[in-house]
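Report on the following structure.
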Amino acid sequence: MTILERDQDKNGLGQPAPAIAIASILLSMALIAVGNGLMFAYIPVRLGAEGFDPTWAGLIVTGLSAGGLAGCILTGPLVRRVGHARVFMVLSALIVLSNAAVGAGPHPLPWIAARALYGFAICGLFIVAQSWLNDVVANAIRGRVMAIFYVAYVAGLGVGYSTLALIDIRAADAPLIGIAFTALSILPVGLTRLAQPPAPQAASVALGRAWRISPVGVAGMLAVGGLSMTISGFAPIHATAKGYSQADVALLLSAMPVGTLILQIPLGWISDRTDRRFVLIAASALATAAGLFALGFDGGALVALLVIYVVWDGASESIYSLASAHAGDRAGKDDMVALSSSLLFAWSLSGFVVPGIVTGLSAIYGTQAFIYVAIVIAAAYCLFVLWRVVMVRPVPATETGSFAPMTAQAPLPVDLAFAPEGQRRREEL
């Protein structure tokens, strides 16, 4: 297939969406990921080099999470007001502004505000980009396109993380590079030939309804929201506090996304052929075991930590896509919109609350507190899913959907452009 065909039933025109136009969105998000990965690694290392208490870095992660929660709630109304393309460019500009504020110098309070602004913008960018892709890509290939989307972003993060080893940590190199990549990311979208999707409708959050549909799915989003922000957000803070070098922190962070790419595909393949809850138990048990190893080898040889953190991050991230797929298996077509928005809200809420708790515990018990919190979350979710397996029968294999790889570094494809009345709802939700 040389082109990605637009769904005939969306606009009645049957207009093709050229592959190069689809690639513009993928390229934009990959470019943003490079700058974002670098900034994510740079901030705790720079604060450590300047002698600030690690609690400040934790507060910055919490601020980022708070901004992300706001982005998940407010992006829809923004897109309804001015459209996808304008919101994409405005949010990119906010990331540039955030990076510029960080580049002004190591001032923790302004940095908290700057990273909250970044959290708002990056969450909104993901929702806009995924919504746009969902609107223009045909059902037959949507899963493959979204998989490429996630892989491109995770790969971009890895490149950004590794770039930390090449810069002068006390200069403004990292913010300037982040600004450059974010500015470059605007060009593909600004020049894209893709038509904008129709104005999205409001999506209500109904956690009670979502829980009745899939307790395992909702609990999974609550677990992985906290796990993802805890591991990815506090690993560089803790490594810096432990005395690992700038290059060591860069290597550790750049290796972690490898686990996401390696583990999700085989776990997803297995989950399509058995009760997904068994695979969720395995993934959360693996995350628990990896956390215990991270605790046991804490401060030890970097090679051992690399292997442990690759498995830890990959197992935790896999819970995200597996729980989302399981929730979709148990939902009817009329439940999809409320379920997707509710799962997104649960993920965002946990991603805000848990880092705040970790920051408070770190001030008392030290930066290793994040390891204990991650272990407790993964173990609790493992036991909960095990209990559900005992109490509730599985969904018949003939009624389950297909697994699609995702990363908890990005919001769920909640699809801002929920089909207006009379249009077909997405099968992939």
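Numbers here simply count residues along the sequence, with the first being 1.
- Relative ring orientation between Y153 and F126 is described as perpendicular, the plane-to-plane angle rising above 60° on a 0-90° scale split at 30° and 60°.
- Atom OH of Y118 and atom CG of L94 lie 13.0 Å apart (nearest 0.5 Å).
- Within the 4.5 Å cutoff, the side chain of V385 has no heavy atoms near those of the F278 side chain.
- Looking at heavy atoms from C-beta onward, V154 lies out of side-chain contact with E317 at the 4.5 angstrom threshold.
- Residues F120 and L91 form a side-chain contact, since some pair of their non-hydrogen atoms from C-beta on lies under 4.5 Å apart.
- Using cut-offs of 30° and 60° for the angle between ring planes, the Y42 and W111 rings count as tilted.
- Rounding to the nearest 0.5 angstrom, the gap separating the CZ atom in R277 from the CG atom in L322 is 13.5 Å.
- The two residues A174 and I167 make their nearest non-hydrogen contact at CB-CD1, 3.5 Å.
- At least one side-chain heavy atom of S28 sits less than 4.5 Å from a side-chain heavy atom of F88.
- Between M229 and V354, the closest side-chain pair of non-hydrogen atoms is not below 4.5 Å.
- Tested against T55 for a side-chain contact (heavy atoms from CB on, under 4.5 Å), the candidates I237, T359, I364, T367 yield a single pass: T359.
- Using a 4.5 Å heavy-atom cutoff, the side chains of L31 and L187 are not in contact.
- Atoms OG and CG, from S348 and L222 in turn, are 10.5 Å apart once rounded to the nearest 0.5 Å.
- Across all their heavy atoms, I169 and R46 have their closest contact at O-CD, 2.9 Å.
- Scored by the salt bridge (charged side-chain N to carboxylate O under 4.0 Å, His left out) test, R170 finds E50 as partners (sequence neighbours excluded).
- A 4.5 Å side-chain heavy-atom check between I231 and M256 finds at least one atom pair inside the cut-off.
- I43 CD1 to T240 OG1: the interatomic distance, rounded to the nearest 0.5 Å, is 12.0 Å.
- Y244 places a side-chain heavy atom less than 4.5 Å from the side chain of L305.
- Atom CZ of F293 has 12 or fewer neighbouring heavy atoms from other residues, nucleotides or ligands inside a 6.0 Å radius.
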